[in-house]
Asker: 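Structure provided below as structure tokens; questions to follow.
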Amino acid sequence: MMQKYNPQKIEKKWQKKWDENKIYKAKDFSNKPKYYCLIEFPYPSGAGLHVGHLRSHIAIDIIARQKRMSGYNVMYPIGWDAFGLPTENFAIKTKTHPKIVTKNNIKNFTKQIKSYGPSFDWSREINTTDPKYYKWTQWIFLKLFNSFYDQKLDKARDIKYLDVPRDLNNLEKREFIDGQRLAYEAEMAINWCPSCKIGLANEEVVNNACERCGAPAEKKTMKQWMLRITKYANRLIKDLETVDYLEKIKTQQVNWIGKSEGAEVEFRIKNYESRIRVFTTRPDTLFGCTYMVLAPEHNLIEELKLQITNYEEVKKYIQKAKNKSDLDRTDLAKEKTGVELKGIKAINPANNEEIPIWVADYVLATYGTGAIMAVPAHDERDFEFAKKFGLEIRQVVAPLFIGEGKNKIRKDKKNTKRTVVDVIIKHWEKDEYFCLNWSKSKNDWKSFVVGGVEKGESEEEAALREAKEESGYQNMRVVKKIGGTTYSRFFAAHKDVNRHDIKRSCIYIELLDNSFMEPKEEEVKNHDGIWIKKGEVKDFINLQEPKIHWDILQNGERSFLKDGIAMNSEQFNGLTTAEFKKEIIKWLSKNNLGRKAINYKLRDWVFSRQHYWGEPIPIVKCDKCGNISLKEKDLPLKLPDVKNYEPTDTGESPLAKIDRWVNIKCPKCNGNAKRETDTMPNWAGSSWYFLRYLDPKNNKEFASPEKLKYWMPVDLYNGGMEHTTLHLLYSRFWHKFLFDLNYVNTPEPYAKRRSHGMILAEDGQKMSKSRGNVVNPDKVIEKYGADTLRLYEMFMGPYGDAIPWSTSSLIGMNRFLERVWNMKNKVETRFIASKFIASKSKTILIATNNQGKLKELKDHLKDFDIISLKDIDKEIIEPEENGKTFEENSLIKAKYYAKKTGYLTIADDSGLCVNALNGRPGVFSSRYAEGDYKKAHQKLFKELENKKDRYAYFQSVVTLYDPKNNKYEQFSGKCEGKIIDKPQGNSGFGYDPIFMPDGLNKSFGECSFEEKYKYDHRKKAIDKLVKHLNEVETRFIASKTIEILLHQTIKKVSEDIENLKFNTAISSLMILLNEMEKQKTIFNIPACPAGRQYSIFLILLSPFAPHITEELWKMMGNKESIHLQSFPKYNPELAKEKEITLVVQINGKLRDQIKVLADISEEEAKKIALEREKIKKWIEGKEIRRIIFVKGKLINIVV
RNA sequence: GCCCGGGUGGCGGAAUUGGUAUACGCGACAGACUUAAAAUCUGUUUCUCGCAAGGGAUUGUGGGUUCGAGUCCCACUCCGGGCACCA
């Protein structure tokens, strides 16, 4: 019975074997090139793995396997990122120690991970909660604590190199140094639940309320450890150029860091010494600053509270703002709020105007300086705010429109300046507007009435005059001015001059009645006036300026954010935005009112957590000495074992309650001191774990320099998009820091970063325990096997996309594997084919010295290249024929000569067998008769005396022997007949004269060769042989199509794995399988390069489905694991398609397809295409304008 | 709201980067095998007009560039991810 595919039976077996043989262990140092691929190490949660976790593991596993098979020394490690909130919360809930929770979770995760057969090197397993690991996390923290950022060298250095001003006293000195450390303390607001009296993570704040008890969350300011990542902001952006990250990852990081160049400007406060510093990217709009806004947290408010006459109101507002999230505060869609600080005024340094100061929560304390200069005309948020509170909006930048196409400025034409008004005229009763169609001029413009403003005339007067002249209507009124001022540069064809510049504004006029006077001819010579319905105006107008005016009239005014030309800016008027920025910064610097500045959105990293389950911060707090770092020899500072790890009600870490642990002598002065009780965030351990994998058991260093040098950087790092801005940035920061201090040798940790997409639940929702839609991989493996799961996760869609799980699609993968399994029954491993194909020549040696036999065999094998023994070596001596049967003798001969000569060899042994003599074969050979046929005949006749049965047959056994593989194949032919009484005919051929075959009424001796061959036994055997050889060849030729496809598949699979396009790699393997299934046989002849089809297929599939391929590989008789084989390389010649389908298009539409040779020339293709009936039909009576030919693809006929 | 992605059959998706849109898989339908069912195998399957030959439409919507657009440009719309104490 055929064995069925049973993954449950084979997968566990192989997993155990791979583990035992350690085939995935990465060697430190090797002659092979190294390849370090990495997945983000998992957080071992209580929920266990779900299928989404596996996606990246499997993907990188495939790459690891493929690289390993391609000759790389691959490291693919795994470990546990085990500190953090979920474990702590679970521990509190279940009253289990987080250590135990973690241990159990890791155990479960390990079991789950092992069950899908990834090729992790388990010998390097790490765990961030292991004191041996977090010793080094603490060590790095202390390095940060004891370092400062040297701006001149643009790198971090040991704090001992810091230049400390001499004139400071001890306390000031300490404060100065502490202020420069890369790990420092600062007052920061954290989320706080006043009811539970604990600090909350952002995630625990749901709709501004505590997740647990529902009480509204507050902000509480506490001292927090911070890491000065902002010092690295510029390098974190710049060095992105040196790494291969997905473009979107780079963009997201760049945006997150948010570098913006601009200026710092200082505003004086009237009658007071304090100044307000603001950062702006648009110093050119300084003249448009009509008020200022401070963030509610800005310390000036507290400072000037005596001067602020409405301080109570302000205080209330600040209180309210405090508990809003940044998200709520900066939401553009939300109503702006704010309070004016009455009693104080700021002075705009540009024009010395007094402007009001407001406090509003749309300004954040954490960005820039926590204060802004508000320019409502050119900033959206300021605009909204000013509108709401009735603040002045002053335009200082005019849009500049530059004509394009026909309107483009012409160098050879004169430039003229003008001031014009656009006039929008509304009909007196209908909702229609008067527009101009410039069809009579060369301009193609469609606009409103437009006219010049004469000297001494106001815009309104000009508008009224133009409206009357052009429209002919007489009674109208000015309603309002629309928008501000704009500039334009364009070529005016009707006047044949450049308009350089046009200064333009817009007046809106309504007609009062229909009193009308025919306009003068001169007014209408360039255009016609028409009334356009309101809804159609937008599409009718084709010039930018009137379009904008119309938009303002319909939708109201907006701020203008783009660059343009300066106005209302005194001496700077007329400058472009870029010029203005340069000039104003010069001016500010000169007058000591500001300077050029760069600002980042990136903020320093808040590093403290008031929780138990994290790395203790190895700092001692001494009243006298300040913050003192532990000595390296005192690391790790172990997390104390406690019964109660619940949060305290003071907002302090649970560690604060453990007096024994907290109270300590100061390492410096030996006085009473306390330990820092905050712990590190989960991000700490994950910021450097990839370094620990290199040397996980090292007690002296976090990793040895040699190993760092050999393995770093990580060649491929995979992780979710959700880690792009935090973990990825944090770990790059730490790595750069370690690089600055020469602990690592690469400035960047990861050479290449890729991202996987989420697996959604079957309902398209995110998988989550609370939704109850989680798919558990264990169940899938149990039912379908790990290989099916692996294949499905890779096939389901593009690796980077979020895709819903589908159990029914999963079944398709199981079917695929079953078909792979069943294909083994078609595999052809016979040796003959191998020799035949491998030699590529049809030379066959006939192993006989018998000239008659030789002639016969040569006759039968006309199509083959035959040589005889005589042709190669006359010295060869015949072997002893000591076998009993034709088969044995034939084999002895064939083997002997084949081995001697190395040729594919044919030998024949044949003879007459007579029934009456018990059919003894070979008995009557010529040797038996000692060469004398007459004597032999007589002897035979004598033995047959008294026997009635004259039935006999000739038999021939032909052996084809392949000396390379030591294998052979035999073919037998029989000719039945009877012994006749007297020899008849030519007796020169052994027993022929006495044998008469059935169906022939003469003896063989009487026949010509031609006649004899119809009945001949040897001919029959040879025919079988020839048929076999031809069949092999036919199959081989048929397999050529497979051969081409195979090489195309190797190419596709290799490239797709490289590009993480696993879904199409699998699809191409499916296409190959489909094709192979159509074949009668699939070759698998290891000796023959063209005959390894099945092996190659299995190897290609093995990184995806390691278990089934390993099993089939073994079933084929291989001893060594398939995963240690080398990955096939494709032959570009073989991968090429010889014949292609050329597409014929008419005007870009597919009309015909022609099969042609791939390298067909343009002329030939044209000729063939134009002669096609289908094509003739389409081009009949039409003029061929152009023919476009794309080699190997298509031909497009344009008619 | 801001930043980053994305939108192609009934479904997941493919398309060598501007050149045959819908590969591959799922599902569905029909047939073979079976007492029957399941499994398996074979065929059909974007929509639409047509008996057929053949035609027309179609990659979220609208416009543009091009001999030719899923792919490039502009505007809109809808969906997903991130937003700094979840990891």
Asker: Please give the distance between the C1' atoms of B:U46 and B:A15 as a whole number of Å.
Answerer: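 Those two atoms are separated by 15 Å.
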
Asker: Given the C1' atoms of B:G50 and B:U40, what is the spacing between them in whole Å?
Answerer: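 The same atom, C1', in both gives a distance of 37 Å.
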
Asker: Applying side-chain hydrogen bond (donor to acceptor under 3.5 Å, both in side chains), name anything that partners A:Lys250, two or more places apart in sequence or on another chain.
Answerer: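 Per chain and number, A:Lys250 pairs via side-chain hydrogen bond (donor to acceptor under 3.5 Å, both in side chains) with no residue.
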
Asker: Excluding sequence neighbours, so at least two apart, what forms salt bridge (Lys or Arg N to Asp or Glu O under 4.0 Å) with A:Glu1162?
Answerer: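 Only A:Lys1166 meet the salt bridge (Lys or Arg N to Asp or Glu O under 4.0 Å) criterion with A:Glu1162.
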
Asker: Under 4.0 Å between a side-chain nitrogen and a carboxylate oxygen: does that hold for A:Lys220 and A:Glu652?
Answerer: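 No, A:Lys220 and A:Glu652 are not salt-bridged.
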
Asker: Taking ring pair (Phe, Tyr, Trp, His ring centres under 6.0 Å) as the definition, give me every residue that meets it alongside A:Phe607, ordered by chain and number, with sequence neighbours left out.
Answerer: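 Ring pair (Phe, Tyr, Trp, His ring centres under 6.0 Å) list for A:Phe607, sorted by chain: A:Phe141, A:Trp605.
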
Asker: Taking ring pair (Phe, Tyr, Trp, His ring centres under 6.0 Å) as the definition, give me every residue that meets it alongside A:His53, ordered by chain and number, with sequence neighbours left out.
Answerer: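 Listed in chain order: A:His50.
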
Asker: Taking the P atom of each, how far is B:U16 from B:G7, in whole Å?
Answerer: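 14 Å, rounded to whole Å.
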
Asker: If you look at every strand shown and take non-hydrogen atoms under 4.0 Å, does A:Arg815 touch a base, only sugar-phosphate, or nothing?
Answerer: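 Since only primed, P, OP1 and OP2 atoms lie under 4.0 Å of A:Arg815, the category is sugar-phosphate.
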
Asker: Could you go over nucleotides 8-15 of chain B and give all protein N or O partners under 3.5 Å, atom names and distances?
Answerer:
residue : atom : partner   : partner atom : Å
B:G12   : O2'  : A:Met796  : O            : 2.4
B:A14   : OP1  : A:Asn1063 : ND2          : 3.0
B:A15   : OP1  : A:Lys1061 : NZ           : 3.3

Asker: Assign a letter to each nucleotide of nucleotides 49-73 of chain B from its 5' end: B, base within under 4.0 Å of a protein heavy atom; S, sugar-phosphate only; -, no contact.
Answerer: ------SSS---------B------

Asker: Could you tell me which residues satisfy side-chain hydrogen bond (donor to acceptor under 3.5 Å, both in side chains) with A:Glu1077, sequence neighbours excluded, listed by chain and number?
Answerer: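 A:Arg819.
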
Asker: What interatomic distance, in whole Å, is found between P of B:C74 and the corresponding atom of B:G81?
Answerer: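 Nearest-Å result for B:G81 against B:C74 at atom P: 26 Å.
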
Asker: A:Trp80: which residues meet the side-chain hydrogen bond (donor to acceptor under 3.5 Å, both in side chains) condition with it, sequence neighbours left out?
Answerer: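 Checked A:Trp80 against side-chain hydrogen bond (donor to acceptor under 3.5 Å, both in side chains); matches are A:Glu125.
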
Asker: Any strand counts, and the cut-off is 3.5 Å on both contacts for Watson-Crick or G-U wobble. Which nucleotide pairs with B:C51?
Answerer: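 Per the H-bond distance test, none.
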
Asker: Considering only the C1' atoms, how many Å lie between B:C51 and B:U42, rounded to the nearest integer?
Answerer: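 The same atom, C1', in both gives a distance of 26 Å.
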
Asker: Can you sort out the partners of A:Leu246 under side-chain contact (heavy atoms from CB on, under 4.5 Å), two or more places apart, ordered by chain and number?
Answerer: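 Scan of A:Leu246 (side-chain contact (heavy atoms from CB on, under 4.5 Å), adjacent residues dropped) gives A:Lys248, A:Ile249, A:Arg754, A:Ser755.
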
Asker: For A:Lys388, does the NZ atom have more than 12 heavy-atom neighbours from other residues, nucleotides or ligands under 6.0 Å away?
Answerer: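 Yes, the 6.0 Å shell around NZ holds more than 12 heavy atoms from other groups.
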
Asker: Show me the pairs that pass salt bridge (Lys or Arg N to Asp or Glu O under 4.0 Å) and involve residues 790-799 of chain A, at least two apart or across chains.
Answerer: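 Only A:Asp61-A:Arg790 qualify under salt bridge (Lys or Arg N to Asp or Glu O under 4.0 Å).
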
Asker: Roughly how far apart, to the nearest Å, are B:G70 and B:U65 at atom P?
Answerer: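 Going atom to atom, P in each nucleotide, I get 16 Å.
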
Asker: Where along nucleotides 81-87 of chain B does protein come under 4.0 Å, by heavy atom, of base (B) or sugar-phosphate alone (S), with - for untouched nucleotides?
Answerer: SSBBBBB

Asker: Going by side-chain hydrogen bond (donor to acceptor under 3.5 Å, both in side chains), name the residues that satisfy it together with A:Asp551, two or more places apart in sequence or in a different chain.
Answerer: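 A:Asp551 satisfies side-chain hydrogen bond (donor to acceptor under 3.5 Å, both in side chains) with A:Asn555, A:Arg558 only.
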
